[in-house]
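One structure is given here, and the rest of the page talks about it.
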Amino acid sequence: MTDQTDISQLSPARRAALYGALTALALVAGYVEVLVPLPVTVPGVKLGLGNAIVLFALVRLGARPAALLMLAKVLCTTLLFANLQMLVFSLTGGVLSWAVMAVAVRSGIFSVVATSVLGGIAHNAGQLLMVALLLSPQVALVNAPVLAVAGTICGAAIGVLVRAVLAAVPGEVRHG
């Protein structure tokens, strides 16, 4: 899982095109997610389709490109499909999810599916932390079990999707 495309070998134009394409994919995934609500009444429960693109980038391109993609995804998705108040929740969840997944990928001991589950749980934990700090610790505690289960289930689904995409999408791979 630690094989990564050596993006330093890409020209600046190709690198910009790759980042643009991945950002566009993440935004389309975020839009699709808005159109397909999950049958859960707890706020914050989402499938995490945009995070599939971040995980793909993390595995194939490395931590820094994935972090930039995650930031672009959060900022653009918030501006297009949410409100600025949601930016704090999305950004906290996104940063924590990215950090946990980056450590998991770097360790080399977790599968893509396990990494995605860890990322889903971390994303929800980050959002709950902000809910506790800004709104109500009680609301965060009440919603924590549902969001932990949702992070596990949705993270597993996204992990299976990303595993299939990684297997299907060829790429230059460097070892080490």
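- Distance check: Thr152 OG1 to Leu147 CG gives 10.5 Å after rounding to the nearest 0.5 Å.
- Side-chain atoms of Glu33 come within 3.5 Å of backbone atoms of Leu47 as a donor-acceptor pair (strictly under, hydrogens ignored).
- Distance check, rounded to the nearest 0.5 Å: CE of Met70 to CE of Met101 gives 9.0 Å.
- Placement of Val162 and Ile153 in two distinct hydrophobic clusters is found when ILVMFWY residues are connected by side-chain heavy-atom separations under 4.5 Å, directly or transitively.
- Here CG of Leu55 is found 11.0 Å from CG of Leu69. Values are rounded to the nearest 0.5 Å.
- The shortest heavy-atom contact between Ala104 and Ser107 is O-OG, 2.8 Å.
- No donor-acceptor pair closer than 3.5 Å links the side chain of Asn51 to the backbone N or O of Val54.
- Side-chain N or O atoms of Ser116 include one that pairs as donor or acceptor with a backbone N or O of Gly155 at under 3.5 Å.
- To the nearest 0.5 angstrom, Thr92 atom OG1 is 8.5 Å from Leu133 atom CG.
- Across every non-hydrogen atom of Leu141 and Pro145, the tightest pair is O-CD, 3.4 Å.
- Looking at Phe56 and Val169, their side chains come closer than 4.5 Å, going by heavy atoms from C-beta outward.
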task: Could you check Leu61 against Leu22 for side-chain contact (heavy atoms from CB on, under 4.5 Å), going step by step and ending with a plain yes or no?
output: CA-CA 11 Å; Leu61 305 175; Leu22 290 173; 3.7 Å; yes
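- Counting only heavy atoms from C-beta outward, the side chains of Phe110 and Val105 never approach each other to under 4.5 Å.
- Criterion: ILVMFWY side-chain heavy atoms under 4.5 Å apart, direct or through other members. Under it, Met86 and Leu134 are part of a common hydrophobic cluster.
- Across all their heavy atoms, Asn124 and Ala150 have their closest contact at ND2-C, 4.3 Å.
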*asked:* Show, in sequence, the C-alpha distance, side-chain angles and deciding distance for Leu91 and Leu71, and conclude whether the side-chain contact (heavy atoms from CB on, under 4.5 Å) test is met.
replied: CA-CA 7 Å; Leu91 189 58; Leu71 289 172; 3.6 Å; yes
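- Rounded to the nearest 0.5 angstrom, Leu87 CG and Leu75 CG are separated by 6.0 Å.
- How far CG of Leu68 is from CZ of Arg64: 5.5 Å, rounded to the nearest 0.5 Å.
- What you find for Ala122 and Ser97 is that their closest heavy atoms are CB-CA, 3.9 Å.
- In the hydrophobic cluster analysis, where Ile, Leu, Val, Met, Phe, Trp and Tyr join through side-chain heavy atoms closer than 4.5 angstrom, Leu135 is grouped apart from Leu128.
- Thr78 contributes a side-chain N or O that, together with a main-chain N or O of Val74, makes up a donor-acceptor pair within less than 3.5 Å.
- Taking every heavy atom of both residues into account, Ala156 and Val117 meet most closely at N-CG2, 3.5 Å.
- In this structure, Met130 is not a member of the same hydrophobic cluster as Val95, with clusters built from ILVMFWY side-chain heavy atoms closer than 4.5 Å.
- Val88 and Trp98 are members of different hydrophobic clusters when ILVMFWY side chains are connected at heavy-atom separations under 4.5 Å.
- Side-chain atoms of Arg106 never come within 3.5 Å of backbone atoms of Ala63 as a donor-acceptor pair (strictly under, hydrogens ignored).
- For the residue pair Ala148 and Ile121, the shortest heavy atom distance occurs at O-CG1, 4.1 Å.
- Looking only at side-chain heavy atoms (C-beta outward), Val131 and Asn143 stay at 4.5 Å or farther from each other.
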